[in-house]
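As structure tokens, the structure follows; a few thoughts come after it.
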Amino acid sequence: MVVFKKEGVYWIDYYVEGHRKRERIGPDKRLAENVLRKVEIAEGRFLERQRPITTTFDELADAYYAYVVNQQRKRSWARDRTSIRVLTAYFGGKRLTDMTPALIEQYRAWRRGGVSRRGRAPMPATLNRELACLKRMFSVAIKGLLVLKNGVPASNPVARVSLERETNERDRVFSPGEFQALMDVAPAHLKPILLTAYHTGMRKGEILGFTWDRVDLKAGMIRLRPEDTKTREGRTIPLTKELSETLRNATIYLDGSGQRVPYVFTYAGRKIGSVRRAFETACRAAGISNAVFHDLRHTFVTYMRRAGVDYFRIMAVTRHKTMSVFKRYNTVDHRDLQQAIGQLHTYRDTSTPSAGPHIPQTIENK
């Protein structure tokens, strides 16, 4: 921050978020000093006289990685890791001071023109997760929680960028025949995982992290603790007869020290990190299209409702926190509508008086 004179006129010189600013004030030095002081107060901080901010996005990504992984501050790091990989492809090498809302909008346009691994443009929810990750990275850095020697901007550019309108809700439900076809072609390590999702509505992450100490075969229950779930709320899930038999007959592996491997579902005794490829391969072999693993959770909720289980007990099992979210998992199709009409006909038939409807007499039939 400095006031200087050039050709009889006073100027002020300062930095804001790493960008150098120079403003012509006039012939009055005191006025120039007052203007600079007001600018400083308006910024709410002392303006920088030091070197400009030169931190790059790559440095921010590395520091954020260390923060999240070392301190285990986020359960969704796997999702963030994917987002950062895509963000780096566009913002890599750029200074943080160059990442303006306009540049972030350009990134969004670039992503919309791309193709995902499924051969289509990224869905709105995908773009929102990437922008949320970027916003979080800036927020953590601004709070001073990351080690960035070359400075950090004072404001978060993502805060001024609106999110996408998400319209990608799914209503895919596996029919019993489809699920059986999937089980027929699934590899051995995938079968019990599919069966657990189909019979409990558990999320994929909950299933892959499922440990033996959460299983109570005597009581016929799975008891998840808060740290096991996405919502950080524990819940109890009743076991069906078929799933109980599967768990009772499951192979228990031992580690190198002779201790039981804690995870219920493993691949030759090793924890399974992902089933996406195995699931997609099995779906293709079974002739099933437009399906993702999470559709098994939709299927469980829909079948529970069709079986006559009330919403509150279903939500207690699945641990949906709000009715609005729960309704997204409860699919009503043409069979449900036909059943509703059948129930209406039954109600009308049983509520009609046995003597038949009253017909008023007219002059002719008196």
Side-chain angles (χ1 to χ4, degrees), residues 15-19 42-45 47-48 52-117 120-169 203-205 229-232 294 321-322 324-325 328:
Y15 284 95
V16 175
E17 297 184 2
H19 295 283
E43 287 292 323
R45 58 182 175 78
L47 298 173
E48 301 169 89
I53 297 172
T54 58
T55 302
T56 64
F57 176 81
D58 307 82
E59 293 170 336
L60 173 63
D62 291 341
Y64 182 72
Y65 176 90
Y67 170 77
V68 173
V69 175
N70 293 342
Q71 299 189 32
Q72 298 181 349
R73 298 296 294 268
K74 286 193 69 178
R75 291 171 58 85
S76 60
W77 168 242
R79 169 69 259 182
D80 279 357
R81 183 170 50 190
T82 301
S83 296
I84 290 175
R85 186 164 56 246
V86 180
L87 291 166
T88 302
Y90 190 84
F91 295 116
K94 291 182 171 60
R95 292 186 179 184
L96 300 187
T97 52
D98 295 329
M99 295 178 61
T100 61
L103 184 63
I104 294 171
E105 288 291 354
Q106 292 174 21
Y107 165 79
R108 178 155 38 192
W110 173 74
R111 286 289 283 137
R112 286 171 178 160
V115 177
S116 71
R117 66 173 184 266
R120 63 191 182 199
M123 302 296 285
T126 301
L127 296 180
N128 285 346
R129 299 298 83 74
E130 292 168 3
L131 292 178
C133 176
L134 182 60
K135 183 177 181 180
R136 170 69 174 166
M137 292 168 68
F138 270 97
S139 296
V140 173
I142 291 170
K143 290 178 181 178
L145 301 177
L146 305 183
V147 179
L148 295 170
K149 298 180 180 180
N150 296 318
V152 180
S155 61
N156 191 330
V158 192
R160 288 170 280 173
V161 177
S162 60
L163 296 179
E164 299 275 318
R165 181 181 177 85
E166 296 187 20
T167 57
N168 55 337
E169 297 180 7
R203 299 177 178 89
K204 179 170 61 176
T229 69
K230 176 183 177 181
T231 58
R232 294 291 188 176
H294 201 70
K321 301 190 73 171
T322 64
S324 60
V325 175
R328 293 175 56 185

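- For the atom pair L96 CG and E59 CD, the distance stands at 8.0 Å (nearest 0.5 Å).
- Taking the side-chain hydrogen bond (donor to acceptor under 3.5 Å, both in side chains) definition, one finds that Y107 meets it with E130, sequence neighbours left out.
- D58 meets the side chain to side chain contact (heavy atoms under 4.5 Å, CB included) test with T56, T88; sequence neighbours excluded.
- A distance of 13.5 Å separates CZ of R136 from OG of S83, quoted to the nearest 0.5 Å.
- In terms of the salt bridge (charged side-chain N to carboxylate O under 4.0 Å, His left out) criterion, R85 has no residue partners (sequence neighbours excluded).
- Counting heavy atoms from C-beta outward, Y90 and R111 have side chains that stay 4.5 Å or more apart.
- Side-chain contact check for I84 versus Y65: every heavy-atom pair is 4.5 Å or farther apart.
- Contacts of R108 classified as salt bridge (charged side-chain N to carboxylate O under 4.0 Å, His left out), with partners at least two apart in sequence or in another chain: E105, E164.
- Within the model, atoms CG of N128 and SG of C133 stand 12.5 Å from one another, a figure rounded to the nearest 0.5 Å.
- In terms of the side-chain hydrogen bond (donor to acceptor under 3.5 Å, both in side chains) criterion, residue partners of S139 (sequence neighbours excluded) are, by chain and number, N156.
- Once rounded to the nearest 0.5 Å, the distance linking CZ of F57 with CZ of F138 reads 8.0 Å.
- P122 approaches G114 most closely through the heavy-atom pair CD-O, 3.8 Å.
- Contact detail for G151 and T55: the closest heavy-atom pair is O-OG1, 2.5 Å.
- Of the candidates L146, V140, L145, K143 forms a side chain to side chain contact (heavy atoms under 4.5 Å, CB included) with just one, namely L145.
- Under the 4.5 Å side-chain criterion, counting only non-hydrogen atoms from C-beta, R112 is in contact with L127.
- To the nearest 0.5 angstrom, K135 atom NZ is 11.5 Å from R160 atom CZ.
- Here the closest heavy-atom approach between residue I53 and residue P153 is recorded as CD1-N, 3.8 Å.
- Side-chain contact between K94 and L103: present, with at least one pair of heavy atoms (C-beta onward) separated by less than 4.5 Å.
- Closest non-hydrogen pair, A63 versus L148, comes out as CB-CD2, 3.8 Å.
- A pairwise comparison of heavy atoms in P101 and P157 identifies CG-O, 3.6 Å as the closest pair.
- Contact record, L60 with A141: CD1-CB, 3.8 Å, taken as the closest heavy-atom pair.
- Considering CD of Q106 and CZ of F91, their distance stands at 9.0 Å, rounded to 0.5 Å.
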